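Source: prediction; values computed, not measured. The first residue in the sequence is number 1, and the count goes up from there. Counting starts at 1 for both ligands and their atoms, following the listed order.
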Amino acid sequence: MVYLDSGFQTPLCRPVKQAYERFLREGFETAGPKQVWLNRLEETREKVATFLGVGPQEIAFTKNTSESMNIAANALPLSVGDKVLMIEGDHPNNAYAFLNLRRRGVGVEFIPMTEVVNAESFRSHIDDRTRAISMSQVTFHAGHRFDIASVGRLCAEKGLYFVVDVMQGIGVVPIEAKAMGASFIGSGTHKGLLVPQGLGLLYWNAALTELEPDYLATISLAEPPADFIARVGNMALAPTAGRFELGNFNLPAIQALGAAIDLINAIGIENIQNHCFDLGDYLIERLDELDIGLVGPRERRHRAPHIYVTALPADHWLEYFKQSGIRVSPERDGIRVSFGMFNVTADIDHLIEAIRRRDVPLASAARTTALSKLA
Ligand SMILES: Cc1ncc(COP(=O)(O)O)c(C=O)c1O
């Protein structure tokens, strides 16, 4: 198979597979050495923190992006009449977390999704009830790479909380959490971080101690009771992002994440980014030869390195690509081609040859009406 679908999920890589196999072997042979696994969890937390340029006390493990965004949305001290700004058409797993705050009388205003989104896109929408902005760093449906740092600076200037979904960028685009100026950053790990579904990350700016979880479990506490008896007097929250964690963890996936980050670091995140950008340049060049449009931004400074949506209607093309052994995703406005570190230009040549072989009009392809699957 020609795999051009890392924006959906990445295929299992050897270090991740080996980490799962080790976990299974240990569980099978020694009846679950939990403390060994928990020690590895803390090692992975350190790796994640270093990867994002923050302290380990600012990283929580969650289930996925949706859970991270919901934890963030509900931790913000918002009240009736307050407003959160988002981008129209941004990933629904981010949007619903905030739309659900309507139950508490908190409104969401969507600004238009334009090719470039930066501080100026939001500025005129901020009024005296605006309390927060939430947005994706990279869009799943067209590969925009928004100017997060400028929005972060705007939030600092206006005293707003800033919540960023990095699910599509992490593992391909270098992320410096502090430079983003985010209050929270949420992500899953099944794309650029190479780990199968079921594990998420949450960065919390530990200086924002007023941000508290809606849910509580023993591990959320500063001093979990040694006798395992819950009392109202011992409910002080952990001073770390552990305050947002609940119960037992997805231990095999967390160990696999440690192995995945080692792999990414060995290759170098900048190298991964540059490699994907080079593949993207080549793809655009080849699409231009066929007069096939690109739905998202073309320029490197505005586009994600690895996500490209071709203006080929999904309802005409998806099945054909599948039958041709090429794995891509249907999106709102066409077929999404997305790269991982393992792709090579020959993969793009396969795609282009398959398009050439097909006897249908290529240029001016009608816009797809097919419902995008939820990336
Ligand atoms: C921007 C973005 N956010 C979130 C998700 C997924 O959310 P979750 O990790 O909760 O499944 C995706 C795609 O899977 C995405 O592209």
Side-chain angles (χ1 to χ4, degrees), residues 3-11 48 52 59-74 84 86-100 108 110 113 117 133-148 151 162-173 175 180 182 184-203 215 244-246 249-250 253-254 256-257 260 276 295-297 303-309 327-340 371-375:
Y3 196 87
L4 295 169
D5 209 9
S6 290
F8 176 59
Q9 71 176 82
T10 38
V48 173
L52 300 179
I59 297 296
F61 291 109
T62 62
K63 188 172 72 171
N64 50 37
T65 324
S66 307
E67 190 174 67
S68 298
M69 302 320 278
N70 272 276
I71 290 171
N74 288 287
V84 179
M86 302 193 76
I87 306 170
E88 180 82 49
D90 203 341
H91 200 284
N93 285 352
N94 184 10
Y96 284 125
F98 287 89
L99 285 171
N100 199 29
V108 170
F110 290 106
M113 169 87 67
V117 171
I133 293 178
S134 179
M135 65 187 288
S136 294
Q137 172 202 31
V138 165
T139 65
F140 71 104
H141 69 287
H144 307 84
R145 185 164 46 95
F146 293 137
D147 188 351
I148 292 291
V151 182
F162 188 31
V163 182
V164 186
D165 170 350
V166 299
M167 173 82 250
Q168 280 294 352
I170 196 164
V172 180
V173 178
I175 291 173
M180 283 186 174
F184 282 114
I185 296 174
S187 185
T189 57
H190 63 274
K191 303 184 199 282
L193 289 182
L194 310 170
V195 175
Q197 288 83 348
L199 177 62
L201 303 173
L202 180 70
Y203 155 77
Y215 290 1
F244 299 108
E245 291 178 331
L246 287 168
F249 297 91
N250 186 345
I254 290 171
L257 178 63
C276 290
V295 172
R303 70 179 214 239
H306 56 309
I307 297 177
Y308 300 89
V309 178
R327 174 79 178 266
V328 287
S329 269
E331 281 306 340
R332 292 172 195 167
D333 297 306
I335 289 286
R336 184 181 68 192
V337 174
S338 53
F339 302 124
L371 261 185
S372 133
K373 70 181 168 184
L374 290 181

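- The shell of residues lying under 4.0 angstrom from ligand 1, judged by heavy atoms, excludes Asn94.
- Here the side chain of Thr189 pairs a donor or acceptor atom with the backbone of Leu199 at under 3.5 angstrom.
- Under the side chain to side chain donor-acceptor pair (under 3.5 Å) rule, Thr139 has a single partner from His91, Arg303, Arg145, His144, which is His144.
- Interface of Ser136 with ligand 1, defined as ligand atoms under 4.0 Å from a residue heavy atom, comprises 1 (C).
- The distance criterion of under 3.5 Å between nitrogen or oxygen atoms is not met by Glu67 with respect to ligand 1.
- For the pair Asn250/Phe61, no side-chain contact is recorded, criterion being any heavy-atom separation below 4.5 Å from C-beta on.
- At least one donor-acceptor pair under 3.5 Å links the side chain of Ser68 to the backbone N or O of Leu201.
- Each of the atoms 9 (O), 14 (O) of ligand 1 lies under 4.0 Å from some heavy atom of His190.
- Within the structure, the closest approach of Met69 to ligand 1 does not fall below 4.0 Å when heavy atoms are considered.
- Leu4 is listed as a side-chain neighbour of Phe339, based on a closest heavy-atom distance under 4.5 Å.
- Only the side chain of Asn93 comes within contact range of ligand 1, with a heavy atom under 4.0 Å; no backbone atom does.
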